[in-house]
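Scroll down for the structure; my scribbles are underneath it.
All of these numbers come straight from a predicted model, not from anything done at the bench. What's counted below: heavy atoms across the whole structure, side chains too, no hydrogens, waters or symmetry copies. For ligands, and for the atoms within them, numbers begin at 1 and follow the listed sequence.
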Amino acid sequence: MRRSLVVGNWKMNGSLVQNKDLVGALKQKSFPSNVEVVVCPPTVYLPQVADLVNEDSICVGAQDVSHQANGAYTGDTAAEMLKEFACQYVIVGHSERREYQRESNTTVAEKCLQALKNNITPIACVGESLEQREQGATLSVISEQIQALIERLSEDQLKSIVIAYEPIWAIGTGLTATPEQAQEVHAAIREQLADAGSSVSLLYGGSVKAANAAELFTQKDIDGALVGGASLDADDFCAIANSF
Ligand code: PGA
């Protein structure tokens, strides 16, 4: 079923002390009961954050997962391991990983499968570069990224994932896609997913702030947000979640 979600991607930020302060501040806030709120700290802090959160209104997610179940994959973390630390979500194929770790569409689909096998909801990220948008290739780039998921996941598996559309040019830049630009891509993704489309929550990501969230959330195919920078501030993150 489509659910409203606001996911905080802390990226490579935080420390034992900062995490404690941020989670402490988040626990003082009230979040709408119809919105699932997720925080994704760096892997090493998952046990700490899972312990600190320790409540139903905030879920914990990871920022990446191995494409393999276990074995000789130095530095990787298996989905089964994430599950041991109460991880309910995992971000997969973020554009920073696609760029710096050369993750392909196939790898992203394999990571989704590993997460699903362990009852962790993958949040699969797709998005185009500025150059691709300027060339008018946005919809074809996104379609190729979505097609890789459709080819490797069953319809039931597709229904269980979350997809985040994050234009690369909008990530961490202060530039946000207009609600209409975001809606156009979200509608195309939902259509491509065919029968699974009506069940999949589609998030928008890229410089989401309290000031622009409400307008984005009015769009019919936008079910929530993947938030980077603004998720490190409890007031901003809470205001975004309360923008529905
Ligand atoms: P941003 O990051 O909100 O800082 O643009 C979003 C993301 O990378 O998920």
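Heavy-atom contacts of Ser207 reach the following atoms of ligand 1: 1 (P), 3 (O), 5 (O) (cutoff under 4.0 Å). Per-residue contacts place Leu226 under 4.0 angstrom from the following atoms of ligand 1 (heavy atoms of the residue considered): 9 (O). Each of the atoms 7 (C), 8 (O), 9 (O) of ligand 1 lies under 4.0 Å from some heavy atom of His94. Numbered from 1 in the order shown, with element, the atoms of ligand 1 that lie under 4.0 Å from a heavy atom of Gly206 read 5 (O). Which parts of ligand 1 touch Lys11 is read off a 4.0 Å heavy-atom cut-off, strictly below it: atoms 2 (O), 7 (C), 8 (O). In summary, the atoms of ligand 1 found under 4.0 Å from a heavy atom of Ile171, numbered by their order in the structure, are 2 (O), 5 (O), 8 (O).
In terms of the side chain to side chain donor-acceptor pair (under 3.5 Å) criterion, residue partners of Glu128 (sequence neighbours excluded) are, by chain and number, Arg133, Tyr165, Trp169.
Glu166 and His94 share a side-chain donor-acceptor pair at under 3.5 Å. For the residue pair Gln132/Ser129, the side-chain donor-acceptor check at 3.5 Å is satisfied.
One option in Gln63, Lys209, Glu166 has a heavy atom closer to atom 7 (C) of ligand 1 than any other, and that option is Glu166.
Looking at Ile163, Leu149, Leu116 one by one, the single match for side chain to side chain contact (heavy atoms under 4.5 Å, CB included) with Pro122 turns out to be Leu116.
Residue Thr173 places no N or O, backbone or side chain, under 3.5 Å from any N or O of ligand 1. For ligand 1, the polar-atom distance check against Ala230 finds no nitrogen or oxygen pair separated by under 3.5 Å. The shortest N or O to N or O distance between Gly172 and ligand 1 is under 3.5 Å. Checking only distances, Glu96 never comes within under 3.5 Å of ligand 1, N or O to N or O. The shortest N or O to N or O distance between Gly228 and ligand 1 is below 3.5 Å.
Of the heavy atoms in Ala170, only backbone atoms (N, CA, C, O) come closer than 4.0 Å to ligand 1. Only side-chain heavy atoms of Asn9 come within less than 4.0 Å of ligand 1; its backbone N, CA, C and O stay farther off.
Across all non-hydrogen atoms, the minimal contact from Asp76 to Ser66 is OD2-OG, 3.4 Å.
Residue-ligand proximity: Gly205 is placed with every non-hydrogen atom at 4.0 Å or more from ligand 1.
Linking Ile, Leu, Val, Met, Phe, Trp and Tyr whenever their side-chain heavy atoms come within less than 4.5 Å puts Leu153 and Leu202 in one cluster. Placement of Ile161 and Val38 in two distinct hydrophobic clusters is found when ILVMFWY residues are connected by side-chain heavy-atom separations under 4.5 Å, directly or transitively. By the rule that hydrophobic residues join a cluster once side-chain heavy atoms approach within less than 4.5 Å of another member, Leu46 and Ile91 end up as members of separate clusters.
Atom 4 (O) of ligand 1 has as its closest protein heavy atom Gly229 N, 2.8 Å.
More than 12 heavy atoms of other residues, nucleotides or ligands shown are found within 6.0 angstrom of CD on Gln147. Crowding of Glu144 atom CD: a count of heavy atoms from other residues, nucleotides or ligands under 6.0 Å not exceeding 12.
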